[in-house]
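See structure below.
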Amino acid sequence: MPVDCFHVRKNGAKRMIVLKTEEQIDGIRRSCHMLCNLLDSLNDVVKEGMSTKELDSYCHSWILKNGGKPACLHYEGFPAATCISVNEEVIHGIPKKNKIIKEGDLVSVDLCINLKGYISDSARTYIVGKTSPQNEKLVRVTRECLDLGVEAAGQKGARILDIARAVYDHANKNGFGVNRDYTGHGVGLELHEDPEVPNYVSPLMANPRIREGMVFAIEPMIHAGTHKCVVLDDGWTVLTADGKNAAHFEHTVAITRNGLEVLTKI
Ligand code: MF3
Ligand code: CO
């Protein structure tokens, strides 16, 4: 069956954005609502003294119990159900038995669920107990960056880089660095689809118009210091280059005939 799609150019290469039917969006919505419930439940689960592996096991069992599959597990060889990134870890942290969560930590949990073939993707940074005012500000501003990105995406005639501009400007105004090496992305039938949804703007980037049928993940990754990052020798964990903390919030959104809908919020 031919898929409904349109093409964009990125550095001269042709890329394809797959537009989703209402029925597909409904399936993705169910997957997203399930993921939202799981992330809500983590408010009472993420505690000091717990290992990131225990937190991963909780999420993994929760997903299986609710009839889904962890979509991150084995994705390009990723070894766990969840990405758990603590403090200076930005994204793609691998859960570990010996990584113990402490009071004041910023714990970013990034999760993808496959429910009947429909993929959801969402992340939140949890503050463990009491933390510093600077950490609180970082988490608040990152959440605001996500909200502003969503708002920009929902404007009539908006393009993908309007999201990037909204996220970047808010982070920059608050003195924070914006990760440039990783982006949001189309999602729904695969975990990573086109288009890329960057958090900063540069001239060569593709800038497709946002239109009905698109489903994508908006995910600001904000650093307390420099925008630069490095990858740990485990091949996955992304760390801030200066060792300062980072925060990460992510929603999956859909453009329906009624406009933008945040799917990973109930
Ligand atoms: N939400 C993450 C992302 O968009 C999912 C990563 S799954 C992993 O990059 F397996 F690549 F870690
Ligand atoms: Co994502």
Side-chain angles (χ1 to χ4, degrees), residues 15 17-18 20 28-29 31-32 34-36 38-39 42 52-53 55-57 59-60 63 68-86 89-96 99 106-115 117-126 142-143 145-147 149-150 153 160 163-164 167 178-200 214-223 229-240 246-254 262-265:
R15 314 268 293 225
I17 296 170
V18 176
K20 277 76 178 177
I28 301 164
R29 183 184 289 111
S31 178
C32 286
M34 186 171 144
L35 179 43
C36 180
L38 171 52
L39 290 176
L42 294 187
T52 54
K53 177 70 191 163
L55 181 51
D56 176 71
S57 301
C59 296
H60 195 162
I63 294 167
K69 283 186 278 193
C72 286
L73 184 62
H74 306 318
Y75 179 80
E76 290 184 7
F78 188 76
T82 56
C83 299
I84 305 179
S85 312
V86 180
E89 298 172 351
V90 188
I91 49 165
H92 299 169
I94 301 176
K96 286 191 194 67
K99 184 143 187 125
L106 303 185
V107 179
S108 300
V109 182
D110 188 352
L111 269 163
C112 307
I113 295 178
N114 178 336
L115 182 64
Y118 296 111
I119 318 286
S120 49
D121 189 359
S122 187
R124 298 184 197 172
T125 297
Y126 298 84
T142 307
R143 205 187 306 114
C145 282
L146 175 58
D147 292 343
V150 168
I160 285 293
I163 301 168
V167 167
V178 177
N179 189 294
R180 301 183 183 180
D181 295 340
Y182 297 87
T183 68
H185 49 89
V187 65
L189 305 179
E190 310 271 353
L191 177 45
H192 287 152
E193 302 181 24
D194 279 321
E196 283 186 351
V197 183
N199 295 308
Y200 83 108
M214 283 173 70
V215 177
F216 52 91
I218 303 176
E219 48 177 321
M221 292 153 260
I222 307 300
H223 303 179
C229 66
V230 292
V231 180
L232 208 63
D233 55 13
D234 63 13
W236 280 103
T237 314
V238 177
L239 307 161
T240 58
H248 179 209
F249 284 86
E250 175 176 23
H251 272 316
T252 296
V253 306
V262 179
L263 299 179
T264 41
K265 192 162 85 181

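By convention here, the first residue in the shown sequence is residue 1. Remember, it's 1-based here, ligands and their atoms both numbered in the order they're listed.
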### Query
Do S85 and S108 have side-chain N/O donor and acceptor atoms under 3.5 Å apart?
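Note: S85 and S108 side chains miss the donor-acceptor criterion.
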How long is the gap from [atom1] on [X] to [atom2] on [Y], to the nearest 0.5 Å?
X: C59; Y: I84; atom1: SG; atom2: CD1; result: 6.0 Å
X: T264; Y: I218; atom1: OG1; atom2: CD1; result: 9.0 Å
X: T240; Y: E89; atom1: OG1; atom2: CD; result: 9.5 Å

### Flag side-chain contact, heavy atom, 4.5 Å: L73 against H60
yes
### Message
I want to check something: taking the side chain as every heavy atom from C-beta on, are V90 and Y182 in contact at a cut-off of under 4.5 Å?
### Response
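Contact flag for V90/Y182 side chains = no.
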Would you confirm whether [X], through its side chain, and [Y], through its main-chain N or O, come within 3.5 Å as a donor-acceptor pair?
X: Y126; Y: L39; answer: yes
X: T252; Y: D121; answer: yes
X: N114; Y: A71; answer: no

### Message
For distances below 2.8 Å, what is the count of protein N, O or S atoms around the Co ion (ligand 2)?
### Response
4
May I have every N or O pair linking ligand 1 to the protein at under 3.5 Å, one per line with atom names and distance?
unit_1	atom_1	unit_2	atom_2	d
ligand 1	1 (N)	D110	OD1	2.9
ligand 1	1 (N)	D110	OD2	2.8
ligand 1	1 (N)	D121	OD1	2.8
ligand 1	1 (N)	D121	OD2	3.1
ligand 1	4 (O)	D121	OD2	3.3
ligand 1	4 (O)	H185	NE2	2.9
ligand 1	4 (O)	H192	NE2	2.9
ligand 1	4 (O)	E219	OE2	3.3
ligand 1	9 (O)	H92	NE2	3.0
ligand 1	9 (O)	H192	NE2	3.2

